Number of protein chains: 2
Amino acid sequence: MTILTHLKNSLPSLSKAEFRIAEAILIDPEAAVNITTARLARLAEVSDPMISRFCHTLGCSSFPDFKVQLAKSLASNTFFISEAVSPGDDASLYIEKRINANQAALEYLRGKLQPEVIEQAVQLLSQSKRIEIFGMGGSAAIAHDAQHKLFRLGIPTVAYEDHLMQRMSAAAANEGTTVLLFSFTGRTQSMIEVARIAKESKASLIAITSPNSPLAAVADVTITSGDELEDTTLYVPMTTRIIILTIIDILVTGMALAQGPEIDVRLKKIKHSLDATKVN
Amino acid sequence: MTILTHLKNSLPSLSKAEFRIAEAILIDPEAAVNITTARLARLAEVSDPMISRFCHTLGCSSFPDFKVQLAKSLASNTFFISEAVSPGDDASLYIEKRINANQAALEYLRGKLQPEVIEQAVQLLSQSKRIEIFGMGGSAAIAHDAQHKLFRLGIPTVAYEDHLMQRMSAAAANEGTTVLLFSFTGRTQSMIEVARIAKESKASLIAITSPNSPLAAVADVTITSGDELEDTTLYVPMTTRIIILTIIDILVTGMALAQGPEIDVRLKKIKHSLDATKVN
DNA sequence: TCCTATTTGTAATTTAATTAAATACTGGGC
DNA sequence: GCCCAGTATTTAATTAAATTACAAATAGGA
C-alpha cells in the first residue's frame, strides 16, 4: 500500500497533534515533499519533534524517508490522472487521454479486486463440469470473448447472448454447472430472471456486475464490473470493458495456474490447430 | 522528463567524479533513495561536496531534492514492469501481475500509436456510408464489440465472423464502404482473401493487425495490434486484446469528437432505449 | 481530587548537507 | 619538458536539519 493511502487510512487513529500534521500534508502533498520538519511543524502548529514522531508512527524510519515515500506515492498516483476528452482535442491528445483513462481504470481495479473473491471464482470455475456464459447487449461480445478464452482450458464452455437460449441453458443446468454472468448494471430484468432460473437448477453463479445490484444479490460470487467508474461523457461503456477484460484475464490465469503444467500441451495444440490457415 | 532518464542522458557530459557518482546511483537506484551524501560519497569514492554539486549539475536544488525526484522517477517506472505469472503464485500476486502486464501493454501502445494514422482512420470511418467489420477466431468477439460501439455513431455498421458472409459483404462493398479488419497475426489466408475482394470493390480498408504482415500490405491504413508484444506463456492473446480494445476506444472517441455535440442526443436516446429493461 | 499514562513541548545533541577556501589535476603554450 | 591557466576535486568549517532526552501539560481512571 502506498504511504498516501496509509496516511488517509490512519487518520482516525492519530492523536490531536499528529492529525494536524496529517492535515497539513494532505492539503498540499506535492509541497510536503520538499518541506523541512521546522516549516511543516509551523504549518501544522506543532513542535518540530512531533514531525519525527509522526513519521515513526506511520512506519517510516525518518522524516526524509517519509518524504521519499510520499514522493513515490504521488508519482504513481499522478500517473493515472485521467482527464475527460473535450471538443477540439487533436488526435495525439485524445490518444493520451484515453490511454490514461484505461490505465487509471486498471489502477482502480487493483484497489477493488479482492483476492479471496477471485480465488473463490477460480475454484468454482475449475471444478465445473461445464461453464455457461451469459451476456446481452454490450456484454454479449464480452461473453463470447470469455468463452473463447475459457474453452481452451478443457472445460466445455458456451456463451449465449440470446435470452431464450439463456433461459433454456439455465433451466438445463445442474450442480456441476457454473454460470458466468456479465451485466454492467446488474439491473437488466431478463438477466436477473435467468440468474434465478440457474440458481433453482443448483448451478453456481458468478456475476461480473455492479455490487449492490439485484443481480449481485442472486450470485454466489460477485466481482465488480467497475460500473460506478464509467465516464458518462460519451455514454459508451469503454473503460468498464477494459476492467472486465482484465478480470477475465485474471480468472483464466488463475485457472491455468490451478491446472498446472499439463495445460501447456493443450494450449499448444489449440494454437497449432490454426497453422494451416496461415500464410507465411 | 524523469530524473533517471535525465541522469542517463547526461552521463557523457559528466566529469570524472560526477560520472562515478552517477554510476554508483545507477547500480542500485532504489538504495540511492535512502542514502546520505557521506555514504554515497564513499560508494562513489568522491568527497561529500561533490554530491551536492552533482545534484546542482542535474538541476536539483539540493541532495534531498534529488532523492525525492529519484523516488518519483522510480515509482513511475517500476509501475510498468510486468513480470510473468509463475506456478505457485497466489491470487493477490497474479492479480497484481496481470494488471501490471495490461498497464504495461497500454504504455507500450502509447509509444507505438501514430496520431496521423489514427486521424486517417477516423476520417475514413467518419466519411463512410457504411462500415463492415470482420474478425475470426479470437478476433470475432472484438469485431462484435467494435460494431457495438460504432453503430451508435449513426453509421450503418455490421460485424461478420463467418468467412462466407465476409466474402459476400466484401464483394458487395463500394466506394462509400469502410472495412475494418481485425487479425492478430495478419497471416490468416481467408482474411487476406476477403481484404483483397473488398479492395477490388473499392472499399477503404483499415486493418488492426501486425505491421509488415500480408494483411497490412493490402490495407489503406494499418494500426498495430501489438502482436509482437504478446506474452506467449499462456498462449492466449490477453494483453493484445486490451490494446485492441483501447484502439477501438480511441477511434470511437475520435469519431465522436469529429461529429460534434449533436452526437450526445443520439447517444442519450440509445442509452435510454434500455430503460424499460431495467429494474430499479 | 489525585494519580498515572499518554501526549506534546523545550532545549540540547547529533547528524547531514553545504559553503568557502585550498589543493590537485589537466591540457595548452613556450 | 616545464610552467601556467583553468577546471575539477578535496579538506575543513559552517550552517541547516532532524532527532533524542527530558520536562511539562493534558486526559482518563480510581
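Predicted model, so just to flag it, every value in this text is computed and none were measured. The sequence lines fix the lettering, A, B, ..., with proteins before strands; numbering per chain opens at 1.
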Worksheet item: Within the structure, does a side-chain N or O atom of A/Lys67 lie under 4.0 Å from either OP1 or OP2 of D/dA18?
Response: yes
Worksheet, complete the sentence: Rounded to whole Å, the CG-C1' distance (B/Asp65 to D/dA16) equals 16 Å
Worksheet item: Of the nucleotides C/dG9, D/dA8, D/dT19, which one has an atom closest to the side chain of A/Pro64?
Response: D/dT19
Worksheet item: How long is the line joining CZ of B/Phe63 and P of C/dT15, in whole Å?
Response: 18 Å
Worksheet entry | Ion pair check, B/Glu30 and A/Lys72, cut-off under 4.0 Å | yes
Response to the item:
Of the candidates D/dT9, C/dG9, C/dA17, the side chain of A/Val46 sits closest to C/dG9
Worksheet, complete the sentence: Residue set satisfying side-chain contact (heavy atoms from CB on, under 4.5 Å) with A/Asp48, at least two apart, ordered chain then number -> A/Ala38, A/Ala41
Worksheet item: So, does B/Arg20 use its side chain to make a donor-acceptor pair with the main chain of B/Ala44 at under 3.5 Å?
Response: yes
Worksheet item: With side chains defined as the heavy atoms from C-beta onward, is the minimum distance between B/Val33 and B/Lys67 less than 4.5 Å?
Response: no
Can you name the atoms? Protein N/O to nucleotides 20-27 of chain D N/O, anything below 3.5 Å, with the distance.
none

Item to complete: Return the value, rounded to whole Å, for the distance between atom CG of B/Asp48 and atom P of D/dT15.
Response: 18 Å
Worksheet item: Could you state the CE-P distance from A/Met50 to C/dT7, rounded to the nearest angstrom?
Response: 9 Å
Worksheet item: Can you tell me how far P of C/dG9 sits from CD1 of A/Ile21, to the nearest Å?
Response: 9 Å
Worksheet item: Under 4.0 Å: is that the gap between some side-chain N or O of B/Thr37 and OP1 or OP2 of C/dT18?
Response: no
Worksheet item: Should the pair A/Lys199-A/Asp220 be classified as a salt bridge under the 4.0 Å nitrogen-to-oxygen rule?
Response: yes
Discussion item. Minimum heavy-atom separation for A/Gly186 and A/Ser183, please, with both atom names.
Written reply: N-OG, 3.0 Å
Practice prompt. Could you tell me the separation between the CG atom of A/Leu40 and the P atom of D/dA16, rounded to a whole number of Å?
Written response: 19 Å
Worksheet item: C/dA17 P sits how many Å from B/Ile35 CD1, rounded?
Response: 10 Å
Worksheet entry | Any side-chain donor near an acceptor of the partner, A/Ser15 and A/Glu18, under 3.5 Å | yes
Discussion item. Under 4.0 Å from OP1 or OP2 of D/dA16: is there any side-chain N or O of A/Thr36 that close?
Written reply: no
Practice prompt. Using atom CD1 of A/Ile51 as one end and atom P of D/dA16 as the other, report the distance to the nearest whole Å.
Written response: 20 Å
